[in-house]
Amino acid sequence: MQAEKRKRQSKPVPAASDPLGELAAQCKTPQDVATLYSQLLQRVLDRGLSEEMDAHLGYERHDKASAGRRGNTRNGSMSKTMKGTFGEVTVTTPRDRAGSFEPTLVKKRQTRLGDFEDKILALYARGLSTRDIETAVVDLYGVEVSHDLIARVTDGVLEEIQAWQERPLETIYPVVWLDGLVLKVRQGKQVVNKSAHVVLALNLVGQKEVLGIWLAENESAKFWAGVLSELKQRGVRDIYIACMDGLKGLPEAVTALFPATLTQQCIVHLVRASMRYVPSGQMSPVAAALKRIYTSVTIEDAARELDVFEAEWGDKYRAAVRVWRNAWHNVVPIFQFPPAIRRITYTTNAIESLNASLRKYTRNRRIFPNDESAIKSLYLAIRETSRRWRFVTEWRQAMQYFQILFGDERVPVGHP
């Protein structure tokens, strides 16, 4: 009896089941780990979304008795591919017949997974180098991340940038601003200045939107013509007012592609250009005389004030008068608009403010290694900056005036 008891005691006890350990044991390479992670993440997300739908409907899947007592039911599912640190994950989101399901685990139109990656992108957008991001992540989260991981996360937005740059645009933009931003980019063994052409627009509901970024050797009317042509190919059919600085040939480039567009030269640029020819001791009275021109109520009043300015200062500062005479055709559009529109269009402050934010975010990168890096930094900076944008005030009044000025054939009824 005792021998049998000892035999039973010596019998080995089966080890507890460890499915995760068994799966991990099958991983031989980093690629195996990435694949396993993606598969597990996909299952967790799919199950979580299904449970969210159960909570939304008030009954579990396949509970036909409860489904019959409620008006809303499941209506199939939709798959979409999400980008993550370890590659792409296909997520299946259930749908309901009422279309009222708003998932929180993976939100509608969400394309990336993980707040951690978003934090890395936010640091990159603010101009931190890869080494600075490594240090910041350790300080903030106590986690060490490799240079390769950071590069993989930031490079993950390249497809997003391409889709953004090629996205269809609205048919009408009441106001657009055109301006260039100079960056230093490495080209071979040299560092050269390149111009980032930025188009900022106001849509029909008074919301600001960057339509794209284009990098070129320098800013020119010819390159802008190509940019405007691309905007047209992406769906833009009409622009009411195009605001710009004094780049030669740019107004003609705009009206060649959008003949009905009014081209408005920035008043602040004109004042600055005039002041180059005025000594510091005379700047105050000359500036006061110029202000009487651009604050006039009507075109006729503005023309009279320009004549007065020329009579008073023309003998001393002929070049300053010539600046206004040469640009007059692109100055007068503002005088046909009420204050609500004048405040928006008489300067390029809107896009210069955007460019100032872009410089702030990119100033830590004095030299970009290539064009791709420059575009990536600008795009992420725009994404960060645009989160703080608000709708333009008094936009309804502005649209009403556009309706009166341009008529139903150009201004859609019912906007905004």
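Only heavy atoms go into these numbers, but all of them, side chains included; no hydrogens, no water, no symmetry mates. Counting begins at 1 with the first residue of the sequence.
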_Just verifying a value: how many Å separate Arg318 CZ and Glu310 CD, rounded to the nearest 0.5 Å?_
5.0 Å
*Trp324: what forms a side-chain hydrogen bond (donor to acceptor under 3.5 Å, both in side chains) with it, not counting sequence neighbours?*
Ser274
*Axial cation check for Phe406 ring with Arg410, 6.0 Å and 45° limits*: yes
*asked:* Looking at Ser373, is its backbone amide N or carbonyl O close enough to the side chain of Ser377 to form a donor-acceptor pair, meaning the two atoms are under 3.5 Å apart?
replied: yes
*Which pair of heavy atoms, one from Arg234 and one from Arg167, lies closest together, and at what distance?*
NE-O, 3.0 Å
*Any chance you could lay out the salt bridge (charged side-chain N to carboxylate O under 4.0 Å, His left out) test for Glu160 and Lys376, step after step, and finish with the verdict?*
CA-CA 10 Å; Glu160 182 181 327; Lys376 182 168 61 175; over 6 Å; no
*Could you give the distance from CD (Gln264) to OG1 (Thr345), rounded to the nearest 0.5 Å?*
5.5 Å
*Any donor-acceptor pair under 3.5 Å linking the side chain of Ser386 with the backbone of Ile382?*
yes
*For Arg342 and Ser296, work out which heavy atoms get closest and say how close.*
NH1-O, 2.8 Å
*Kindly state whether the ring of Trp164 and the ring of Tyr379 have centres lying under 6.0 angstrom apart.*
yes
*Rounded to the nearest 0.5 Å, how far does CD of Gln165 lie from CD1 of Ile213?*
6.5 Å
_Reported CD1-to-CD distance for the pair Ile344 and Glu394, which is rounded to 0.5 angstrom_ = 8.5 Å
*Verify, without hydrogens or angle tests, whether Trp395 (side chain) and Leu204 (backbone) share a donor-acceptor contact under 3.5 angstrom.*
yes
*If the plane angle is over 60° it's perpendicular, under 30° parallel, otherwise tilted; pick one for His197 and Trp224.*
perpendicular
*Pairwise distance CG(Leu178) to SG(Cys266) - rounded to 0.5 angstrom*: 12.0 Å
*Under the 3.5 angstrom rule, does the side chain of Asn355 hit a backbone N or O of Leu181 as a donor-acceptor pair?*
no
*Is there a donor-acceptor pair closer than 3.5 Å between any side-chain N or O of Arg95 and the backbone N or O of Gly76?*
no
*asked:* Testing the 3.5 Å rule here: is there a donor-acceptor pair between the side chains of Lys316 and Gln282?
replied: no
*Please walk me through it: do His56 and Ser100 pass side-chain contact (heavy atoms from CB on, under 4.5 Å)?*
CA-CA 9 Å; His56 174 70; Ser100 57; 3.1 Å; yes
*Rounded to the nearest 0.5 Å, what's the gap from CD1 on Ile239 to CG on Leu202? Could you check?*
12.0 Å
*Do we see a donor-acceptor contact under 3.5 Å between the side chains of Trp214 and Glu230?*
yes
*Are Lys184 and Phe368 in a cation-pi contact, defined as NZ or CZ under 6.0 Å from the six-membered ring centre and within 45° of the axis?*
no
*Can any side-chain N or O of Ser77 pair as donor or acceptor with the backbone N or O of Thr92 at less than 3.5 Å?*
no
*Stepwise, does the side-chain hydrogen bond (donor to acceptor under 3.5 Å, both in side chains) test hold for Thr263 with Asn330?*
CA-CA 6 Å; Thr263 55; Asn330 297 309; 2.6 Å; yes
*Salt-bridge criterion met for Arg325 and Asp307 (N-O under 4.0 Å)*: yes
*Should the pair Phe402 and Tyr240 be assigned to parallel (<30°), tilted (30 to 60°) or perpendicular (>60°) ring geometry?*
tilted
*asked:* Determine whether Asp96 and Arg74 satisfy the following criterion, salt bridge (charged side-chain N to carboxylate O under 4.0 Å, His left out), listing intermediate values before the conclusion.
replied: CA-CA 4 Å; Asp96 62 332; Arg74 290 176 180 262; over 6 Å; no
*Output yes when a side-chain donor or acceptor of Arg237 lies under 3.5 Å from a complementary backbone atom of Lys232, and no otherwise.*
yes
